[in-house]
Amino acid sequence: MGMISMITSGKDGVGKTTVSILAADSMETIGKRVLVIELDTGLRSLDVMSGAYGSTVYDIFDVLSGRCSPEQAIIHAPTPRKEIYVLAAPYKNERVQGEQFVKLVTALGEQFDHVIIDAANHAGALVAASAVSMNAIVVATPDPLSVRDARITADRLRDLSVPNIRLLINRVVPTRIRMGLIPNLDYCIDNVGVRLIGVVPEMDEIALAAAAGRPLPRKSGCRHVFDNIVQRIYGNEVPLAVE
Ligand SMILES: Nc1ncnc2c1ncn2[C@@H]1O[C@H](COP(=O)(O)OP(=O)(O)OP(=O)(O)O)[C@@H](O)[C@H]1O
Ligand SMILES: [Mg+2]
């Protein structure tokens with residue numbers, strides 16, 4: 001059985017899908033076969049960020065409602081990705097049926113080394129993903145509103161008994177922290193109240209890789225940030241620093 005992890009947030013648009021696909025890339029480099037499921041309703045971006053745009057015919061709700069098989073809906077992300085597969089969110093707005101989702105992901109967990117659920121915080125997605133995930137990563141930016149919503153989300157995940165809940169702070173600009181324009185990382189960690197799993201800087205390379213649907217370039221200065229986050233997901237101690 002592979003590992004199942006969810007990546008979620010309080011506020012929308014803080015980088016869940018970006019982190020999901022770039023973490024999948026780091027898992028691939030350590031030999032994992034990874035499936036990323038975008039569990040959102042009415043919106044999708046994983047198809048673009050994984051490079052699979054235009055290849056998706058079916059979505060997660062087609063599978064859950066029996067309109068197609070998982071094999072028909074799961075797309076292989078194109079080269080240079082080799083062992084990454086995606087299951088897209090639908091364009092229409094539907095509510096996630098928790099029981100069917102748990103059954104589906106449990107079965108898919110037999111076929112992949114890691115299933116990452118990119119879970120929106122609405123329409124039943126958080127509850128459904130929580131029911132099947134061993135790890136939850138709550139993504140927040142250092143914006144006080146994002147931090148407050150991350151706290152509420154972390155509390156919900158605790159109520160939903162997700163075993164391992166961690167915080168990822170994304171889009172960090174150290175100069176803004178030094179100038180006192182945004183709260184520092186201790187403020188974020190203390191206010192969300194869960195252990196930190198990583199700090200991802202605001203970088204053009206990340207936005208460009210996401211928009212182009214490609215992994216970060218090999219020489220990119222921030223690849224190791226995602227490699228270290230993945231090591232921590234697997235329980236390995238990697239010192240935390242603002243990387
Ligand atoms: N560390 C980063 N540096 C620069 N740009 C980033 C970073 N993280 C995310 N972005 C950009 O922020 C935007 C939102 O990211 P993304 O779509 O991953 O967020 P999301 O939480 O999945 O959004 P939604 O709630 O709509 O699903 C994207 O344009 C992405 O390229
Ligand atoms: Mg998203």
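Both backbone and side-chain heavy atoms feed into the values below; hydrogens, waters and symmetry mates do not. Just follow the structure's listing: the first ligand is 1, and inside any ligand the first atom is 1.
Residues T153 and N121 have side chains that bring a donor and an acceptor to within less than 3.5 angstrom of each other. Defined by atom type and a distance below 3.5 Å, a donor-acceptor pair is present between the side-chain atoms of D118 and T17. Side chains of K16 and S9: a donor-acceptor N/O pair is present below 3.5 angstrom, by distance only.
For atom 19 (O) of ligand 1, the closest non-hydrogen atom of the protein is G15 N, 3.0 Å. Atom 31 (O) of ligand 1 has its closest protein heavy atom at A207 CA, 3.6 Å. Closest to atom 17 (O) of ligand 1, if we only count protein heavy atoms, is M49 CE, 3.3 Å. Among all protein heavy atoms, the one lying closest to atom 8 (N) of ligand 1 is N170 ND2, 3.0 Å. Of the protein's non-hydrogen atoms, the one nearest atom 18 (O) of ligand 1 is T18 OG1, 2.5 Å. Residue, atom and distance of the protein heavy atom nearest to atom 20 (P) of ligand 1 are K16 N, 3.4 Å.
Per-atom contact check: atom 29 (O) of ligand 1 does not touch the protein, criterion being a heavy-atom distance below 4.0 Å.
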Pair I84-H76, side-chain contact (heavy atoms from CB on, under 4.5 Å): steps then yes or no: CA-CA 6 Å; I84 297 181; H76 188 189; 6.0 Å; no
Pair I117-S133, side-chain contact (heavy atoms from CB on, under 4.5 Å): steps then yes or no: CA-CA 8 Å; I117 307 167; S133 297; 3.8 Å; yes
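Close approach of ligand 1 to D12 (heavy-atom distance below 4.0 Å) involves ligand atoms 25 (O).
Residue-ligand proximity: E205 is placed with every non-hydrogen atom at 4.0 Å or more from ligand 1. Residue-ligand proximity: G13 is placed with a non-hydrogen atom under 4.0 Å from ligand 1.
Here's the thing with T17: one of its N/O atoms is less than 3.5 angstrom from an N/O atom of ligand 1. For the pair R171 and ligand 1, the shortest N or O to N or O distance falls below 3.5 Å.
Comment: R151 engages D155 in a salt bridge, judged by a side-chain N to carboxylate O separation of less than 4.0 angstrom. Checked for salt-bridge contact, R44 and D47 meet the test: a charged N lies under 4.0 Å from a carboxylate O.
In summary, an N, O or S atom of T17 is located under 2.8 Å from the Mg ion (ligand 2).
Of all the heavy atoms of P201, the ones lying under 4.0 Å from any atom of ligand 1 belong exclusively to the backbone. Residue D118 does not touch ligand 1, judged by heavy-atom distances below 4.0 Å. The proximity of M203 to ligand 1, defined as any non-hydrogen pair under 4.0 Å, is limited to the backbone. When heavy-atom distances to ligand 1 are checked against a 4.0 Å cut-off, I206 comes that close only through its side chain, counted from C-beta outward. Under 4.0 Å from ligand 1, the heavy atoms of V200 that appear belong solely to its side chain.
Between I169 and P142, some side-chain heavy-atom pair lies under the 4.5 Å cut-off. Residues T175 and L181 form no side-chain contact, since every pair of their non-hydrogen atoms from C-beta on lies 4.5 Å or further apart.
Seen from the ring of Y234, K32 counts as a face-on cation partner, given the 6.0 Å and 45° thresholds.
The number of heavy-atom neighbours closer than 6.0 Å to CZ of R176, taken from other residues, nucleotides and ligands shown, is 12 or below.
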